[in-house]
Amino acid sequence: MERPTILAFYIFVVLFSVATAQNSKKHIPVGVVLDLDTLVGKIAQTSIAMAVEDFYSVHSNYSTRLQLYTRDSNKDDVQATLAALDLLQNFKTEVVIGPQKSSQAVIVSEIGNKSHVPVISFSATSPTLSSMHVPYFIRTTINDAAQVNTITALIKAYGWAEVVPIYEDSDFGRDMVPFLADALEEINVRIPYRCLIPELSTDEQIKEELYKLQTMQTRVFVVHMSSSKGSTLFMRAKEVGMMSVGYVWIMTNGVTNMVDSFNSSVTSAMNGALGVRLYVPKTVKLTNFSTRWKKRFHEENPQYMYSEPSIFGLWAYDTMHAIAMSVEKIGVQTIKIENSTVSQPLPVFPNGEQLLKAIINIKFRGLSGNFDLMNGQLQYSVFEIINVVGHGTRGVGYWRKEQGLSTVVDESNNKTYSTSPEDLNPVIWPGESIVVPKGWELPVSGAKLRVGLTISRYPEFMKVKIDPETNATTASGYSIDVFEEAVKRLPYTVPYEYELFGGVPPASSESYNDFVYQVYLGKYDLVIGDITIRYNRTRYADFTIPYTESGIAMIVPELKFDKSRMKAYQPEEFSAALDKGSANGGVAAIVHEIPYIKLFLSKNCKSYTMVGPIYKTAGFGFAFPKGSPLVPDISRAILNITDGDDILELEKKWIGDEKCLNNGGITVESNSLNFLSFWQLFLISGVVSTICLLIFAIKSFYKKWQRNIQVTSLMIRSDEINSIEDLPTINQEENEVPPNVGPSSAENGTDPSPPLTNT
Ligand SMILES: *[C@@H]1O[C@H](CO)[C@@H](O)[C@H](O)[C@H]1NC(C)=O
Ligand SMILES: *[C@@H]1O[C@H](CO)[C@@H](O)[C@H](O)[C@H]1NC(C)=O
Ligand SMILES: *[C@@H]1O[C@H](CO)[C@@H](O)[C@H](O)[C@H]1NC(C)=O
Ligand SMILES: *[C@@H]1O[C@H](CO)[C@@H](O)[C@H](O)[C@H]1NC(C)=O
Ligand SMILES: *[C@@H]1O[C@H](CO)[C@@H](O)[C@H](O)[C@H]1NC(C)=O
Ligand SMILES: *[C@@H]1O[C@H](CO)[C@@H](O)[C@H](O)[C@H]1NC(C)=O
Ligand SMILES: *[C@@H]1O[C@H](CO)[C@@H](O)[C@H](O)[C@H]1NC(C)=O
Ligand SMILES: *[C@@H]1O[C@H](CO)[C@@H](O)[C@H](O)[C@H]1NC(C)=O
Ligand SMILES: *[C@@H]1O[C@H](CO)[C@@H](O)[C@H](O)[C@H]1NC(C)=O
């Protein structure tokens, strides 16, 4: 009899202790607020449930247990707020996980802040949310602004000059773009347009926006959208032909994080796109979790054919582990929560501050990598750049704050910051192209560039002919040759056609202003010719670098000049006027643009010389509409021509032989001086001053009899001057140009007609 009694007692004791052990687990209520109808919401729900099960199966001796209360916020800010209030007031939840969207998090985090309940979101990425002002808001995800440096590094690596952000009109979309704009501005990349897609837009509205983008020249787009909107955008873009050769698509983490969960019709539309997301190290633990997760997710959500936990699933999982550990750390305490009153409508949780501290200080290695919530926000180190190819993605490279781009995750510490495309794997661009897109296209409205021409007074620079039969415009001349040669040297082909602006009378300075203004009006895609680069013209157009040397005009030392004695002459009259001389109604000198002077001299080789000093103009250039991506490329091509011998060939062909320009002139050598050269100098100066003294004495005597102006000249070839700053300059203001000199046609080169000038 005794034995069974003892046995029964034994069993009783064991059962009792098991029961007490179970009962002694302290249940901690935890609220979960998610948009359960979204993919991210569903992914998180599965991850959170698995996290709690996994955690307590390993830590079975913990004295606390998380008890979840899940609420659906139904993609609505107000519902999220109501759900949070309900959880705090009626279930006394000590922590709230979620809400999912940044706009929901704004109010929910403030409620948590008032009640001292940590609100932990693994998906609210807006940079405007911050733990700084709302300490009870913790972000176990990265802030969207963190990725802008990776995006700008990519843009810099490929050398694109303009980018159009496409983003949804929501807090999520809008909040990141200012950070992107600032970062792009730092690397001198323009944002010519911002494409805002309404949150509730129809497919038709999206297509309309895309058609608008097609008419613009920029071909580099940064897509900052939620995954569902982003997948729709890419399918529409594919439909309208914008996933083809020449386009560049860069996705922010909003879409990239979910790219592995899209079905094949979405990924095939996205082929060629680049994406940026936080790098997650591949571990055995992660593979094990992914396998189990997928199985469970498909049991719970059979409507999704294929899905991956995505970074959100991993963050949700790690967040639960962090909470479970923190709760255990602060121990089991009897919590007396004060009832709400009128002045304090929300309950205040006395443990809140302690729990908050425990969560922020927790550090462990989670599925998503190092889990560290310093400053209330997940710390990050490496971003991954991916390329959508086929039905999946391939790695293009990584970005780190210190080292920039790299093809390997663990870079040696001594690598310097790199934005070189060599530090990225090759990309398969939209349209299966392997050529890096240049990032812009001529607007589709014109198949060819419309190049404006005008009738120059100098046919050597530009001569326009119109075929009376076909109306076809042809042109020849130095400027035309430089332009055509430059276009040939571009790394891509640019078809163009000439159009004549203005009528038959040769253009004057004003009409050149007007001519340049036409690119501002959009009449031409560019205008070419002997157009002087002038300050006020740059208000309407961007100029290439000059293809002639900078303007150097002639000045007479070749005396006090009287402005009234300046005269305007036509180029044909220069020779006669100079021959007559100022004493006989002609002129003593001509002031004009260097290229024109060279032309004149080449035709009047023996009789005249060109002299310094100098005043500056920028030379001749081609004018484009402001911000045209062709300007840097054409400028580079012009440099390629002017740096080589080709320019000499062209000058010889149109302007004349260089030899003439040297006739009788003194060339300035820039060799360095040595002691010996000073000896010679002193000797020469001694002799010269003596002679001068004699001449002066004779002259002053002679002058009494005759008052003729004598001009001694010094010739300096402008192209032998290393820097124009080396030479004395004369202010460009018109009244400072020595007026007595007689006629000059300096004005602007473009203004050959009234050559006299003032300016
Ligand atoms: C749980 O058990 C492990 C050993 O299995 C021990 O290291 C740990 O301290 C225990 N934790 C608690 C809270 O008792
Ligand atoms: C959040 O709470 C802290 C103290 O708990 C308070 O100092 C801060 O002003 C609160 N912030 C907001 C936005 O209510
Ligand atoms: C793929 O996903 C998109 C967006 O979620 C959806 O519109 C489309 O119907 C899906 N296609 C297939 C074949 O499931
Ligand atoms: C995951 O790991 C656990 C042990 O840690 C093992 O029991 C389980 O079979 C693994 N699951 C998979 C799918 O590898
Ligand atoms: C809070 O209110 C409940 C009834 O709603 C009451 O039973 C409880 O004693 C109150 N607690 C405090 C701390 O006032
Ligand atoms: C960087 O360090 C590695 C060894 O850690 C060394 O082999 C390499 O030469 C170093 N590179 C430079 C640029 O200093
Ligand atoms: C040429 O232009 C004139 C005037 O613009 C026009 O009347 C004529 O029909 C055009 N000829 C051709 C062949 O296009
Ligand atoms: C440039 O300035 C001159 C006078 O300085 C003026 O006559 C001319 O109209 C201006 N051109 C433009 C395009 O504004
Ligand atoms: C012009 O460009 C070609 C091709 O890039 C290059 O080989 C050549 O050296 C360049 N010429 C000059 C003068 O820079």
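Both counts, for ligands and for their atoms, begin at 1 and track the order of listing. Because only heavy atoms are used, hydrogens play no part in the values below, and waters and symmetry mates are left out as well, while side chains stay in.
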Among non-hydrogen protein atoms, atom 7 (O) of ligand 3 lies closest to M235 CE, 3.9 Å

Within 4.0 Å of some non-hydrogen atom of D643, the atoms of ligand 9 are 13 (C)

Locate the shortest heavy-atom distance separating L424 from A157; write the atom from each residue and the value.
CD1-CB, 4.4 Å

N or O pair under 3.5 Å between S231 and ligand 3
no

With distance as the sole criterion, is a donor-acceptor pair present between the side chains of S368 and D318 under 3.5 Å?
yes

I need the nearest protein heavy-atom contact for atom 1 (C) of ligand 9: residue, atom name and distance, please.
N640 ND2, 1.5 Å

Could you tell me whether atom 14 (O) of ligand 9 has at least one protein heavy atom nearer than 4.0 Å?
yes

Is it the case that more than 12 heavy atoms not belonging to E432 sit under 6.0 Å from its CD atom?
no

Are there over 12 heavy-atom neighbours, none belonging to D643, within less than 6.0 Å of that residue's CG?
yes

Is V266 touching ligand 3 with its side chain, its backbone, both, or neither, if touching means heavy atoms under 4.0 Å apart?
side chain

Check the surroundings of atom NZ in K156: do more than 12 heavy atoms from other residues, nucleotides or ligands lie under 6.0 Å from it?
no

Quick one: nearest non-hydrogen protein atom to atom 12 (C) of ligand 3, plus distance?
N263 ND2, 3.1 Å

Would you say atom 9 (O) of ligand 3 makes contact with the protein, given that contact here means a non-hydrogen protein atom less than 4.0 Å away?
no

Closest non-hydrogen protein atom to atom 5 (O) of ligand 4, residue and atom name please, with distance?
N288 ND2, 4.4 Å

Is the NZ atom of K282 crowded by more than 12 outside heavy atoms at less than 6.0 Å?
yes

Any donor-acceptor N or O pair under 3.5 Å, side chains D77, S103:
yes

